[in-house]
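The basis for the numbers below is simple: all heavy atoms, side chains too, and nothing from hydrogens, waters or symmetry mates. Throughout, residue positions are numbered sequentially from 1 according to the sequence presented.
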Amino acid sequence: MKRSKEEKAADRERFRRLSFAQKAEHIWIYYKWPILLGLVFLIIVGSSVNRRLHRKDSVLYLGLTNVVLSIELEGSVTAGFLENAGFDPKKTEVTLYKNLYLSEDAEGDSHRISYASKIRLFASLEGQKLDAVLMSRQAYDIMSQSGYLLPLPDLLSADPVLAKAAEPFITENAVILSDNNIEYLLNEDDERQTVTEDVPNALVLNSLPLFGAFEEPVYLGFAGNTPRKEACLKYLSYLLSAAK
């Protein structure tokens, strides 16, 4: 029912005569939900604006697979690279995937962690959100055999000087070209047959100043489908030249 002007004027006069506490209570009772919805809207908008203002662009995506870095070394392979390459640390970052664990013989909790890590790695590769990987020997074998790593000649052909500097550190590993494991498990083939090829697809880093403290070999490889090859070349150049 539409109210008259006189009724509206009377309501305004009654509201004017209320105390401050009574006015606040009246507003809360009758306008609670619009106020709450407005606050939620402002929070969402504010959060979105804040994320946009402080969002950093990833210039490189780095995975740590079966490798744990000290806080100091973690800073060297991320912030140190940004500074060396001339990136603005306020606007850019190296996205670091930590706690990735790969194993073919894992059991129990280790098996679950390995399975979850494989899913994370596969999702990152499929989304082209993985560029470089620091790996143990076991992880390197798995990554190489799966065909996840970029052959280094394909990367280094763009920079002959860097290729020459990297040559002493390059190593080869097997890449599976064909495998009848599924047919063998289904008894469709009598024998397991695997065809492999040795490919230069990683570098051993232990003789470099940054990685001299590691007792076990540490390998660096690059994702086969990385769209940031230029950043990968800069990253490799940084690691080869960085002092501890």
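Ile119 CD1: more than 12 foreign heavy atoms inside a 6.0 Å radius.
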* To do: Using the side-chain hydrogen bond (donor to acceptor under 3.5 Å, both in side chains) rule, take Gln138 and Ser103 through it: C-alpha gap first, then chi angles, then the decisive distance, then the call.
  => CA-CA 7 Å; Gln138 184 181 38; Ser103 175; 3.2 Å; yes
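For residues 149-172, no residue pair satisfies the side-chain hydrogen bond (donor to acceptor under 3.5 Å, both in side chains) rule, not counting sequence neighbours. The list of side-chain hydrogen bond (donor to acceptor under 3.5 Å, both in side chains) pairs with a residue in residues 205-222, not counting sequence neighbours, reads Arg137-Tyr219.
Linking Ile, Leu, Val, Met, Phe, Trp and Tyr whenever their side-chain heavy atoms come within less than 4.5 Å puts Leu220 and Leu150 in one cluster. Val204 and Leu73 are assigned to two separate hydrophobic clusters, defined by single-linkage of ILVMFWY side chains at heavy-atom distances under 4.5 Å. Both Leu62 and Phe211 are part of a single hydrophobic cluster, where members link through side-chain heavy atoms under 4.5 Å apart. At a threshold of 4.5 Å between side-chain heavy atoms, the hydrophobic network of Ile, Leu, Val, Met, Phe, Trp and Tyr places Leu208 and Met135 in two separate groups.
Listed by chain and number, the residues in a side-chain hydrogen bond (donor to acceptor under 3.5 Å, both in side chains) with Tyr140 are Asn201 (sequence neighbours excluded). Residues satisfying the side-chain contact (heavy atoms from CB on, under 4.5 Å) test with Ala231, not counting sequence neighbours, are Leu60, Arg228. Remark: Tyr61 engages Lys129 in a side-chain hydrogen bond (donor to acceptor under 3.5 Å, both in side chains) (not counting sequence neighbours). Listed by chain and number, the residues in a side-chain hydrogen bond (donor to acceptor under 3.5 Å, both in side chains) with Thr95 are Ser58 (sequence neighbours excluded).
Atoms OG and CD1, from Ser76 and Ile71 in turn, are 12.0 Å apart once rounded to the nearest 0.5 Å. With values rounded to the nearest 0.5 angstrom, Met143 atom CE is found 5.5 Å from Thr65 atom OG1. Within the model, atoms CG of Leu236 and CZ of Phe81 stand 10.5 Å from one another, a figure rounded to the nearest 0.5 Å.
Between the Ser144 side chain and the Asp141 main chain, no donor and acceptor come within less than 3.5 Å of each other.
No donor-acceptor contact under 3.5 angstrom links the side chains of Gln128 and Thr226, judged on distance only.
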